[in-house]
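So the structure is just underneath, and the comments pick up after that.
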Amino acid sequence: MPPPSQTEVFDEADLVERAKNGETEAFTELVNRYERKIYRLAKHITQNDEDAEDVLQEAFLKAYSHLADFQGQSKFYTWIVRIAVNESLMKLRKRKSDRTVSMDENIDTGEETVVREIAVWEENPEHQYSQEELRRILEHAVDSLKPAFRTVFLLRDVEELSTEETAEAMNISVPAVKSRLLRARLQLREKLTRQFRRKGDDVFAYL
Amino acid sequence: MLTCKEFLNELNGYLDQTVDKELRENLERHVTECPNCFVIVDTTKKTLQVYKGLEPQVIPPEVHNRLMVALHKKMAAEAARKRSG
Ligand SMILES: [Zn+2]
């Protein structure tokens, strides 16, 4: 067994610098560090395993070829996310030509922010399910959002990019990010409430 | 007093604590006086919590392996390109 990789103690900027200087191991370490997140992101946006794998490869290969162009003003992680989001959206557009894929600003007008389900949740609902069940519930809820909404939610609340970084990655305005995030959060809250509401409050159930 | 609709429009600023002091106090007052918005705030916070706690699943080994193969090919090709000038 080889000893644990020493590169883990290096921070991102060090790894990028070393990768730029031709150290392929440093770039491989960056890939190892972020591949799970990038794959998850691509899978949720494209909702297709094959596309997600293509995105994963294209994103890291592109990043490798264009490493010299990477300025280091933003984080490498934000940069790779941006590439992956672009690739994912292209895949999505190729597969579906319907309006639901639209990333343009028109999606932000109309459609009120409606709140229908108001119910208290069980205490720590996440403890009532196995990890697998919980994962299935949460992923299913995200996947049922429109692409424009779920992408914003994933970038802001799961990958924890800033509003500005999200706007940049999706090539939309900051106000668009804000309004989509609000609706994404409220829609998810609504979906999860159906799952996690406190039993005994069923007098409020309408389904 | 803010209406519920006005409150909801500022919900993200309230949750992410990006609103100024005056608005924040107005929003806080609304939450203490409006049981519905209190529940919405609470369950939206919990929604964000459960998602933040969700670790990415392990990538399938074959997906990881194919990525590594593609990457090594790319690295070899770039190295050859640099050597040849
Ligand atoms: Zn209210």
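Proteins come first, then strands; the chains are lettered A, B, ... in the order of their sequence lines, and each starts at number 1.
Counting heavy-atom pairs closer than 4.5 Å to chain A, the top residue among Met75(B), Met68(B), Arg66(B), Lys73(B) is Met75(B). Taking Gly13(B), Cys4(B), Pro60(B) one by one and counting their heavy-atom pairs under 4.5 Å with chain A, the maximum is reached by Pro60(B). Interface summary for chain A: among Glu55(B), His64(B), His72(B), Glu78(B), the most heavy-atom pairs under 4.5 angstrom belong to His64(B). Chain B forms the most heavy-atom pairs under 4.5 Å with one residue out of Val158(A), Thr28(A), Thr193(A), Leu41(A), and that residue is Thr28(A). When each of Leu134(A), Leu181(A), Asn124(A) is checked for heavy-atom pairs under 4.5 Å with chain B, Leu181(A) comes out on top. With respect to chain B, the highest number of heavy-atom pairs below 4.5 Å among Lys37(A), Arg135(A), Glu139(A), Gln131(A) belongs to Arg135(A).
Salt-bridge check for Lys43(A) with Glu53(A): failed, with every basic side-chain N at 4.0 Å or more from each acidic carboxylate O. Between Glu133(A) and Arg136(A), no side-chain nitrogen of the basic residue sits less than 4.0 Å from a carboxylate oxygen of the acidic one, so the salt-bridge criterion is not met. With respect to Arg197(A) and Glu122(A), no salt bridge is recorded, no charged nitrogen being found less than 4.0 Å from a carboxylate O. Under a 4.0 Å N-O distance rule, the pair Asp11(A)/Lys75(A) does not qualify as a salt bridge. Ion pairing between a basic and an acidic side chain is recognised when a charged N comes within 4.0 Å of a carboxylate O; Lys46(B) and Asp42(B) show such pairing. The pair Arg116(A)-Glu190(A) meets the salt-bridge criterion, since a charged nitrogen lies less than 4.0 angstrom from a carboxylate oxygen.
For Gln57(B), the parts lying near chain A are the backbone and the side chain together; criterion is any non-hydrogen pair under 4.5 Å. Neither the backbone nor the side chain of Lys191(A) comes within contact range of chain B; no heavy atom of the residue lies under 4.5 Å from a heavy atom of that chain. Looking at Glu132(A), the atoms closer than 4.5 Å to chain B (heavy atoms on both sides) all sit in the side chain, from C-beta outward. Within the 4.5 angstrom heavy-atom criterion, atoms from both the backbone and the side chain of Val142(A) approach chain B. Contacts between Gln49(B) and chain A at a heavy-atom distance below 4.5 Å are absent for every atom of the residue. Of the atoms belonging to Glu160(A), it is side-chain heavy atoms, and not backbone ones, that fall under 4.5 Å from chain B. Looking at Asn12(B), both its backbone and its side chain come within 4.5 Å of chain A, counting heavy atoms on both sides. The contact between Leu48(B) and chain A is made entirely by side chain atoms (from C-beta outward), counting heavy-atom distances below 4.5 Å. Proximity to chain B (any heavy atom under 4.5 Å) is restricted, for Leu192(A), to the side chain, taken from C-beta onward.
A pairwise comparison of heavy atoms in Pro56(B) and Arg36(A) identifies O-NH2, 2.5 Å as the closest pair.
Residues Tyr64(A) and Phe70(A) keep their aromatic ring centres 6.0 Å or farther apart.
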Exercise for review: Might you work through the ring-ring contact (aromatic ring centres under 6.0 Å, His included) test for Phe60(A) and Tyr34(A), ending with a clear yes or no?
Suggested key: CA-CA 10 Å; Phe60(A) 282 114; Tyr34(A) 299 128; 7.8 Å; no
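Ring geometry, Tyr129(A) versus Phe196(A): the interplanar angle falls from 30° to 60°, so the pair is classed tilted.
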